Amino acid sequence: MEALRVAIAGTGNIARVHAKALSEAAGPAANLVAVMDVDDRKLGPFGSDFGIRETYRNLADLLSHGQPDLVHVCTPPSTHYELALGCLRAGVSVLVEKPPTISLREFDELAAAEGTSQGPWFATVFQHRFGSGQRRLKALASSGVLGRPLVAICHTTWFRDQAYFDVPWRGQWDTEGGGPTMGHGIHQMDMLLDVLGEWTEVSAVARTQARATATEDLSLAHVTFASGAVASIVNSVLSPREETYLRFDFERATVELTHLYGYGDDDWRITPAPGFEDEVLDAWKHAESGTPSSHAAQFGHVLDALAQGRRPPVGPAEARPTMALVAGIYASAFTGRPVAPGELGPGMPYYSQMNGARP
Ligand SMILES: NC(=O)c1ccc[n+]([C@@H]2O[C@H](COP(=O)([O-])OP(=O)(O)OC[C@H]3O[C@@H](n4cnc5c(N)ncnc54)[C@H](O)[C@@H]3O)[C@@H](O)[C@H]2O)c1
């Protein structure tokens with residue numbers, strides 16, 4: 001089989017992680033054949049650093065001359081929709097950096113622009129789903145060995161100084177779609193939903209506590225799940241001792257993850273409930289291991305799926321609940337009442353804009 005032809009749109013910071021991860025990803029061969037950026041100062045050095053001869057200034061040229069099978073969209077959030085839609089309409093699958101879009105409306109439109117059974121596909125980068133720790137927890141939770149999920153904690157307590165917000169697209173509703181709820185905590189909330197499944201209601205507060213930014217710099221939420229579990233969420237960029245902490249209390253064990261921007265197996269801890277030590281620890285020991293969370297880990301699964309004509313992860317059905325939770329947090333915080341996912345549809349202000357079009 002011929003190597004997949006991959007292109008990258010946007011050659012800034014995260015694109016460099018993508019280029020390196022593509023060369024490290026397991027699975028079928030893929031060649032980074034072309035890159036595109038509107039800024040020559042980014043495009044030129046990127047092309048020389050990664051040895052890519054085909055460099056383009058717009059999407060039309062990238063698609064027609066580069067002939068990619070897959071485009072990685074690594075541009076600022078508000079540009080994802082147009083670029084991804086352009087790819088899908090040209091019959092090319094897209095892997096879009098988080099947040100996939102800046103609104104649920106844009107997200108649903110991209111999902112609707114996918115092909116039928118053969119693609120093209122729309123997938124989101126949520127790389128923390130693909131480390132072995134998360135996959136192991138998910139497998140054990142669905143096997144029933146941990147018992148019912150009861151309560152969870154999802155803390156993204158990070159630190160970004162005021163200079164971080166100098167990048168023009170950051171901290172603006174119309175370019176980033178939100179603050180740490182949308183930009184930082186989204187990864188951890190995605191992991192929470194990956195394990196706990198369907199959420200049913202969220203109550204939240206969002207504040208601009210310390211940074212000069214148009215969006216929130218802090219949000220807190222509690223979420224209920226169809227399983228009956230409840231979770232507490234903090235999304236902060238104001239926390240000098242930075243930490244990412246997820247904790248799941250099941251009937252038969254507590255599972256914790258403590259790390260910062262990426263985890264390995266050693267960052268996970270399991271504590272069985274009395275009487276369940278043997279079965280819980282045995283299942284934990286024999287489940288998947290050895291893969292840190294990383295872009296390369298997700299890309300391996302994406303390339304595998306594409307080579308086999310399957311939908312690449314993370315597809316719209318899995319990513320939408322995460323985007324809906326982000327929208328639900330803003331809707332609840334700004335209206336002062338609990339919000340259910342079913343409310344977040346066309347006609348609702350928080351469906352078309354994460355801030356509900358507030359001034
Ligand atoms: N998955 C992760 O852990 C992770 C980490 C960091 C950033 N990100 C996401 O990656 C995306 C990019 O972030 P970044 O930090 O690399 O940004 P960046 O500002 O460093 O790079 C963005 C690049 O896109 C280019 N660009 C802007 N508009 C364009 C357009 N219409 N067409 C082509 N190129 C265009 C810019 O010139 C720039 O070179 C964001 O969505 C961000 O949230 C994800």
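Please read these numbers as outputs of a predicted model, since none were measured by experiment. One-based numbering, in listed order, for ligands and for the atoms of each.
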Inset, instruction - May I ask you to check whether Phe122 and Phe107 place their ring centres under 6.0 Å from each other? - result: yes
Legend entry - Identity of the nearest option to atom 43 (O) of ligand 1, non-hydrogen atoms only, from His18, Glu97, Lys98: Lys98
Legend entry - Whether His80 lies under 4.0 Å from ligand 1, heavy atom: yes
Inset, instruction - Mark the output for Arg16 as yes if a heavy-atom distance to ligand 1 is under 4.0 Å, and as no if none is. - result: no
Inset, instruction - May I ask whether Trp169 places a heavy atom under 4.0 Å from ligand 1? - result: yes
Legend entry - atom 38 (C) of ligand 1: the protein heavy-atom neighbour that sits closest, reported with distance to 0.1 Å: Asp37 OD2, 3.5 Å
Inset, instruction - Decide whether the shortest distance between a heavy atom of Pro76 and an atom of ligand 1 is less than 4.0 Å. - result: yes
Legend entry - Gly183 near ligand 1 by a heavy-atom separation under 4.0 Å: no
Inset, instruction - Provide, to 0.1 Å, the distance between atom 30 (C) of ligand 1 and the closest protein heavy atom, together with that atom's residue and name. - result: Val38 CG1, 3.8 Å
Inset, instruction - Quick one: look up the protein heavy atom nearest atom 20 (O) of ligand 1 and list residue, atom name and how far away it is. - result: Asn13 N, 3.0 Å
Inset, instruction - Could you see which bit of Cys74 sits under 4.0 Å from ligand 1, with heavy atoms only: side chain, backbone, both or neither? - result: backbone
Inset, instruction - Taking the six-membered ring for Trp and the full ring for Phe, Tyr or His, determine whether the centres of Trp173 and Tyr330 are under 6.0 Å apart. - result: yes
Inset, instruction - Report yes or no: is the cationic atom of Arg135 (NZ for Lys, CZ for Arg) under 6.0 Å from the centre of the six-membered ring of Phe130, at an angle within 45° of the ring normal? - result: no
Legend entry - Taking atom 35 (C) of ligand 1 as the reference point, the nearest protein heavy atom with its distance: Thr75 CG2, 3.4 Å
Inset, instruction - Report the nearest protein non-hydrogen atom to atom 16 (O) of ligand 1: residue, atom name, distance rounded to 0.1 Å. - result: Ile14 N, 2.8 Å
Inset, instruction - Check if Glu82 has a non-hydrogen atom at a distance under 4.0 Å from any atom of ligand 1. - result: no
Legend entry - Within 45° cone of Phe159 ring axis and under 6.0 Å: Arg211 NZ or CZ: yes
Inset, instruction - State, yes or no, whether a side-chain contact exists between His222 and Val230 at a heavy-atom distance under 4.5 Å. - result: no
